[in-house]
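Predicted model, so just to flag it, every value in this text is computed and none were measured.
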Amino acid sequence: MTLPVRSPAPQESLDGFLRRLAEQEFWPDVSDYLAGLGLRYGRRIIEGAAEAEELLDLEPGILAPISPVAAPSEPSRSWRFERHHSAPVCPDCLSEGQPHHQSWRHALVTCCVDHRLRLVDQCPMCQETFLPGRGGYDSCHCGCPLDRLERTMADDREIAISALIAGKMHPDRAHLSPALAFRTPPDIGEFVYFLASGGVKTVTEKQGKTPLPRTVDEALAFLDDGSRLLCHWPTAFREEVARRLSDGDQGASSAPARLGRWYQRLMSFDGAAYKDFRQVLGEVVSQQFNGSYVGNVPAVTQERDWISAAEASRDLHIRSERLVCAFRASRTAIPTVRGQSFRGARTKF
């Protein structure tokens with residue numbers, strides 16, 4: 001593959017492009033190349049792209065389209081998920097002379113979608129982690145050739161999530177919900193992080209404070225629960241909603257209150273890409289929530305075949321405690337209170 005000489009290749013990352021520029025100028029390490037120009041990879045180059053372009057003798061405006069930003073249209077360029085502590089690579093891509101892919105810079109991407117290979121971020125020679133802005137285009141800073149790294153095949157879930165974040169079509173995306181199989185919303189990184197962090201225990205046990213994984217191995221461990229919810233669709237997500245209803249505050253009168261902040265975060269993801277999740281949520285609540293008030297959970301056409309004791313007590317105008325006692329006294333009989341029966345409905349406690 002022949003790459004452009006002084007301009008980024010399609011889907012090339014900023015880090016990869018700078019490495020390639022250094023190689024073209026016969027610098028084995030991009031950090032030395034940038035230091036010679038008074039530059040250092042990171043926020044300064046991104047914020048001062050115009051100055052960097054002048055020092056690097058590049059056409060004006062060439063760095064902005066490949067630089068991470070706060071709210072990108074392509075999720076893989078999100079500054080929020082930019083890898084600051086590792087720079088993983090696909091050995092097959094480098095052996096073919098392809099660019100460092102932009103998606104490799106995303107903290108939740110763990111594999112190369114094209115080659116179905118897990119990304120590698122540790123040098124087998126010096127045992128150090130590959131870092132952004134350090135090393136060459138196809139070699140570690142110690143000189144180890146990156147195209148000779150060990151190859152490990154990625155599983156279907158890894159590929160599905162990496163393809164989703166990268167915005168690339170792939171057969172393994174069929175494991176995802178129908179609404180995500182063919183579209184990649186700009187905030188998909190936040191959504192994957194939300195599902196994954198929901199199963200991670202922090203020291204303070206406060207949601208939303210889970211740190212991003214620093215390495216590929218950390219990302220694999222972090223994504224274990226989230227990938228299950230995304231790729232074992234819809235069974236795993238349905239079970240998760242049911243579990244949270246069961247484990248939530250049983251004194252809460254509404255389904256949103258029982259699901260707590262998890263529900264609030266889920267509903268903050270709007271748009272067609274997340275409609276399947278809202279639909280399944282509504283179905284599970286309709287079938288399994290035993291509180292007195294469903295709340296503003298999305299309505300579903302499917303009706304549940306039971307009513308809660310609280311709901312029945314309101315319909316029959318009696319105290320729920322009396323109803324519970326009557327029901328438990330004879331589950332086989334059809335209890336009748338004040339001339340009204342429960343025929344045709346089950347009561348859940």
Side-chain angles (χ1 to χ4, degrees), residues 8-17 43 45-47 49 61-84 88 99-114 119 132 157-198 207-213 219 222-223 225-227 229-231 233 237 261-281 298:
Q11 299 182 323
E12 185 172 23
S13 68
L14 173 63
D15 178 51
F17 178 56
R43 186 184 295 271
I45 284 182
I46 296 171
E47 298 287 357
I62 209 169
L63 295 182
I66 61 173
S67 297
V69 292
S73 56
E74 315 98 304
S76 58
R77 286 203 302 123
S78 172
W79 176 256
R80 159 93 163 89
F81 294 99
E82 171 76 3
R83 278 188 162 116
H84 302 294
H100 289 228
H101 200 283
Q102 176 61 55
S103 66
W104 302 351
R105 304 299 311 134
H106 196 285
L108 303 182
V109 169
T110 60
C111 68
C112 170
V113 176
D114 296 329
L119 298 178
R157 292 196 301 180
E158 292 178 58
I159 296 170
I161 291 178
S162 294
L164 173 63
I165 295 174
K168 302 187 73 170
M169 291 297 101
H170 194 279
D172 284 341
R173 288 184 65 168
H175 294 290
L176 304 170
S177 67
L180 287 179
F182 299 102
R183 56 164 63 87
T184 295
D187 59 350
I188 191 61
E190 289 287 355
F191 188 70
V192 174
Y193 170 83
F194 155 68
L195 290 181
S197 62
Q207 293 182 340
K209 298 300 182 181
T210 309
L212 288 172
F222 175 78
L223 288 169
D225 196 55
S227 64
L229 298 179
L230 281 164
C231 299
W233 181 264
F237 186 74
R261 178 167 169 73
W262 186 85
Y263 168 84
Q264 297 172 11
R265 286 287 292 130
L266 175 66
M267 298 305 292
S268 70
F269 294 96
D270 200 4
Y274 306 113
K275 68 180 181 65
D276 294 329
F277 294 88
R278 295 191 294 271
Q279 174 72 19
V280 170
L281 171 71

Measuring from atom CD1 of Ile188 to atom CG of Leu176, what distance do you get when rounded to the nearest 0.5 angstrom? 8.0 Å

Distance-minimising heavy-atom pair for Pro211 and Phe222: O-CE1, 4.4 Å

Exam field: side chain Arg105 to backbone Gly16, donor-acceptor pair closer than 3.5 Å: no

Are any non-hydrogen side-chain atoms of Ser162 and Cys111 less than 4.5 angstrom apart? yes

Has the side chain of Gln279 got a donor or acceptor atom that lies under 3.5 Å from a matching backbone atom of Asp276? no

Does the pair Leu119 and Val109 meet the rule for a side-chain contact (heavy atoms from CB on, under 4.5 Å), with working shown? CA-CA 9 Å; Leu119 298 178; Val109 169; 4.3 Å; yes

What's the spacing between Leu63 CG and Ile45 CD1 if we round to 0.5 Å? 8.0 Å

Tell me the closest heavy-atom pair linking Trp104 and Pro99, and the distance in Å. CH2-O, 3.9 Å

With sequence neighbours left out, what residues match Phe81 under ring-ring contact (aromatic ring centres under 6.0 Å, His included)? His106

Looking only at heavy atoms, the pair that brings Ala70 and Trp79 closest together is N-CB, 4.3 Å

Would you call the rings of Trp262 and Phe194 parallel, tilted or perpendicular, taking 30° and 60° as the class edges? tilted

Within the structure provided, determine whether Leu230 and Leu180 are in side-chain contact (heavy-atom separation under 4.5 Å). yes

Full working for ring pair (Phe, Tyr, Trp, His ring centres under 6.0 Å) between Phe269 and Phe277: CA-CA 10 Å; Phe269 294 96; Phe277 294 88; 9.3 Å; no

Without swapping roles, check the side chain of Ser197 against the backbone of Thr210 for a donor-acceptor pair under 3.5 Å. no

Look at the side chain of Arg77 and the backbone N and O of Ser67, then say whether any donor-acceptor pair between them is shorter than 3.5 Å. yes

Of all heavy-atom pairs between Cys231 and Ala160, which one has the smallest distance, and what is that distance? SG-CB, 4.0 Å

If every non-hydrogen atom of Ile159 is compared with every non-hydrogen atom of His170, which pair is closest and at what distance? CG2-CE1, 3.5 Å

Just so I know, are the side chains of Ile165 and Ser103 near enough to count as touching, which here means a heavy-atom distance under 4.5 Å? no

Can you check whether Phe237 reaches Val280 side chain to side chain, under 4.5 Å on heavy atoms? yes

Quick one: are Glu190 and Arg265 in side-chain contact, heavy atoms under 4.5 Å? yes

Excluding sequence neighbours, so at least two apart, what forms salt bridge (charged side-chain N to carboxylate O under 4.0 Å, His left out) with Arg83? none

Go through it in stages, so that I can follow the logic: the residues are Leu212 and Arg80, the test is side-chain contact (heavy atoms from CB on, under 4.5 Å), and I'd like the CA-CA distance, side-chain angles, deciding distance and then a yes or no. CA-CA 9 Å; Leu212 288 172; Arg80 159 93 163 89; 3.5 Å; yes

With heavy-atom distances below 4.5 Å as the criterion, would you say the side chains of Met267 and Leu281 are in contact? yes

Ignoring hydrogens and geometry, is there a side-chain-to-backbone donor-acceptor pair from Gln102 to Ser76 under 3.5 Å? yes

With the side chain counted from C-beta on, respond yes when His175 and Arg173 share a heavy-atom pair under 4.5 Å apart, and no when they do not. no

Output for pair (Leu164 CG, Thr184 OG1), nearest 0.5 Å, gives 5.0 Å

Going by atom types alone, do Tyr193 and Asp187 pair a side-chain donor with an acceptor below 3.5 Å? no

Ignoring hydrogens, what is the shortest heavy-atom contact between Leu14 and Ile46? Give both atom names and the distance. CD2-CG1, 3.9 Å

Under the 3.5 angstrom rule, does the side chain of Ser227 hit a backbone N or O of Arg157 as a donor-acceptor pair? no

Could you please spell out the steps behind the side-chain contact (heavy atoms from CB on, under 4.5 Å) verdict for Asp114 and Lys168? CA-CA 9 Å; Asp114 296 329; Lys168 302 187 73 170; 2.7 Å; yes

Pairwise side-chain contact, Pro185 with Tyr274, heavy-atom cut-off 4.5 Å (strictly under): yes

